[in-house]
Amino acid sequence: MKIVTRGDFDGLTSTVLLSVVETINDVRMVHPKDAQDGKITCDAEDIVVNLPYILGCGMWFDHHVSEETVGRDFAFKGRFEIAPSCARVIYNHYSAKHGDKLKRFADLLESTDRFDSANLTLEEVNAPSRFMLLALTLDPRSGLGPEFQKYFRWLVEYIKEVEIEKVLEHAEVKKRASRFLTEQEAFKALLKKHARVEGNVIITDLRGVTDKPAGNRFVVYTLFPEANVEVRLLDGHNNTTVVAIGHSIFGTPCTLNVGRLVAEYGGGGHRGAGTAQISMDGADAKIADIIARLKGR
């Protein structure tokens, strides 16, 4: 079977777990928006993971709150539930039958739960280590980029055989982690230059900004502790603006469900984080509406 997923830490852990309990021949990475827009085709050999349901797939696993209200009048194989990570959904699905095979990944799974649900400490944001540092080398928002798919596929196999300390010492991992740590201060300076605070909302406008340094997407909350939610604007594909929203992981929580908010604009996500790609036509008005709805929440 083939796994169809997004290339992030949750996708990695999900792929690791599935490769232990199913016969997996290939991994295909796709953009969530393409899956949502029906641009991805699947057949009975495909296991769709951490993505919106794709018609025709053999199995589907997901945990995004934005998918909870999508009407489905048909049965599917696999599992959907609101959980800290999609990897946790997969573990829950297979643990009764294959718990003995999966228990050795307990630390990896727990770290994936915490990273994907942004349940992190201040120290883990400012000085990430072990699985949290590895997760940032896979985070699409870290800005590390090159040869990503090759790196992802290799790491799936390597992490099954080697302890995390040794994984971080491998040259392929180390060069990404080192770049991330080296450029973190420049990334903070970029945020300070392009972000502003309106009430409780951080608005970080990175549209038109090229050659961005690598950095931790959660660090913005340490720079603007008076705010409890961020709206980050980026250049998207096909003449769109990416609107990425996240609750601050420190301080008083924002009360608005982000996953349901971005679903109104064709996006997807969780209660505390989500992303939508908005057409340039009318984007400013929609962004202003999103910000207005977050204010005071």
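A 6.0 Å sphere centred on CG of Asp281 holds no more than 12 heavy atoms belonging to other residues, nucleotides or ligands. Under a cut-off of 6.0 angstrom, the local environment of NZ in Lys39 is sparse, with at most 12 non-hydrogen atoms contributed by other residues, nucleotides or ligands. Within a 6.0 Å sphere centred on CD of Glu123, heavy atoms belonging to other residues, nucleotides or ligands number 12 at most. Open room surrounds CG on Asn238; 12 or fewer heavy atoms of other groups in view lie less than 6.0 Å from it.
Between the side chain of Ser111 and the main chain of Leu108, no donor-acceptor pair closer than 3.5 Å is present. Tyr94 places no side-chain N or O within donor-acceptor distance of the main-chain N or O of Glu22, the cut-off being under 3.5 Å. Listed for the Asn200 side chain is a donor-acceptor partner under 3.5 Å among the backbone atoms of Gly296. For Asp235 (side chain) and Gly208 (main-chain N/O), a donor-acceptor pair under 3.5 Å exists by modelled atom type. Checking side-chain atoms of Trp60 against main-chain N and O of Leu51 turns up a donor-acceptor pair under 3.5 Å. A donor-acceptor pair under 3.5 Å is formed between the side chain of Lys33 and the backbone N or O of Gly266. Between the side chain of Ser66 and the main chain of Gly259, no donor-acceptor pair closer than 3.5 Å is present. Using modelled atom types, one side-chain atom of His247 and one backbone atom of Leu256 make a donor-acceptor pair closer than 3.5 Å. Side chain of Gln36 to main chain of Gly267: a donor-acceptor pair is present (N/O by atom type, distance under 3.5 Å, no hydrogens or angles). Judged purely by atom type and a 3.5 angstrom limit, Glu124 uses its side chain to pair as donor or acceptor with the backbone of Thr121.
Arg297 approaches Arg293 most closely through the heavy-atom pair CG-O, 3.3 Å. In this structure, Lys160 and Ser19 approach most closely via the heavy-atom pair NZ-OG, 3.0 Å. A pairwise comparison of heavy atoms in Tyr151 and Leu138 identifies CE2-CD2, 4.0 Å as the closest pair. Minimum heavy-atom separation, Ala35 to Pro52: CB-CD, 4.1 Å. Annotation for Ser14 and Ala87: closest pair OG-N, 3.2 Å, computed over non-hydrogen atoms. When all heavy atoms are compared, the tightest approach of Pro84 to His63 is O-CE1, 3.6 Å.
Counting heavy atoms from C-beta on, the side chains of Val231 and Leu233 come closer than 4.5 Å. No side-chain heavy atom of Val243 sits under 4.5 Å from any side-chain heavy atom of Tyr265. Side-chain contact check for Arg79 versus Asn92: some heavy-atom pair is nearer than 4.5 Å. Here the side chains of Asp107 and Phe131 are in contact, with some heavy-atom distance below 4.5 Å. Taking 4.5 Å as the limit, every side-chain heavy atom of His31 sits out of range of all side-chain heavy atoms of Arg6. Looking only at side-chain heavy atoms (C-beta outward), Leu134 and Leu168 come within less than 4.5 Å of each other.
For residues 162-173, the salt bridge (Lys or Arg N to Asp or Glu O under 4.0 Å) pairs, not counting sequence neighbours, are Arg130-Glu165, Glu169-Lys174, Glu172-Lys175, Glu172-Arg176.
Annotation: side-chain hydrogen bond (donor to acceptor under 3.5 Å, both in side chains) contacts of Asp113 (sequence neighbours excluded): Ser85, Arg88. The salt bridge (Lys or Arg N to Asp or Glu O under 4.0 Å) search around Glu45 returns none, not counting sequence neighbours.
When the side chains of ILVMFWY residues are joined at heavy-atom separations under 4.5 Å, either directly or via intervening members, Ile82 and Val258 end up in two distinct hydrophobic clusters. Put simply, Leu102 and Val49 are part of the same group of oily side chains (I, L, V, M, F, W, Y) that touch within less than 4.5 Å, one to the next. At a threshold of 4.5 Å between side-chain heavy atoms, the hydrophobic network of Ile, Leu, Val, Met, Phe, Trp and Tyr places Tyr91 and Ile24 in one connected group. Hydrophobic clustering (side-chain heavy atoms under 4.5 Å, transitive across Ile, Leu, Val, Met, Phe, Trp, Tyr) keeps Met280 apart from Ile287. Cluster membership for Ile278 and Leu234, using ILVMFWY side-chain heavy atoms within less than 4.5 angstrom, is not shared.
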Working note: His93 + Met59, criterion side-chain contact (heavy atoms from CB on, under 4.5 Å); need CA distance, chi angles, decisive distance, verdict.
CA-CA 12 Å; His93 186 75; Met59 298 181 76; 4.3 Å; yes
Mind running side-chain contact (heavy atoms from CB on, under 4.5 Å) on Val242 and Arg232 for me, showing each step along the way?
CA-CA 8 Å; Val242 175; Arg232 187 169 298 187; over 6 Å; no
Begin from the C-alpha positions of Tyr158 and Val173 and carry the test side-chain contact (heavy atoms from CB on, under 4.5 Å) through to its verdict.
CA-CA 11 Å; Tyr158 194 61; Val173 181; 5.6 Å; no
Thr275 vs Val262, test: side-chain contact (heavy atoms from CB on, under 4.5 Å). Steps then yes/no.
CA-CA 6 Å; Thr275 303; Val262 296; over 6 Å; no
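Below 30°, between 30° and 60°, or above 60°: for Phe152 and Phe148 the angle between ring planes is between 30° and 60°, a tilted geometry.
Note that the OG1 atom of Thr204 and the CZ atom of Phe224 stand 6.5 Å from one another [nearest 0.5 Å]. Distance check, rounded to the nearest 0.5 Å: CE of Met1 to CG of Asp46 gives 7.5 Å. Taking CG from Leu12 and CD1 from Ile159, the interatomic distance works out to 5.5 Å, rounded to the nearest 0.5 Å. Interatomic distance, Thr241 OG1 to Arg207 CZ, rounded to the nearest 0.5 Å: 5.0 Å. From Ile40, atom CD1 reaches atom CG of Asp34 across 5.0 Å, with rounding to the nearest 0.5 Å. Considering CG of Asp289 and CG of Leu294, their distance stands at 9.5 Å, rounded to 0.5 Å.
With Thr112 as reference, Thr13 is the one residue of Thr13, Asp10, Asp8 to meet the side-chain hydrogen bond (donor to acceptor under 3.5 Å, both in side chains) rule. Applying side chain to side chain contact (heavy atoms under 4.5 Å, CB included) to Thr222 and the options Val125, Asn216, Leu191, Ile249 leaves one that passes, Val125.
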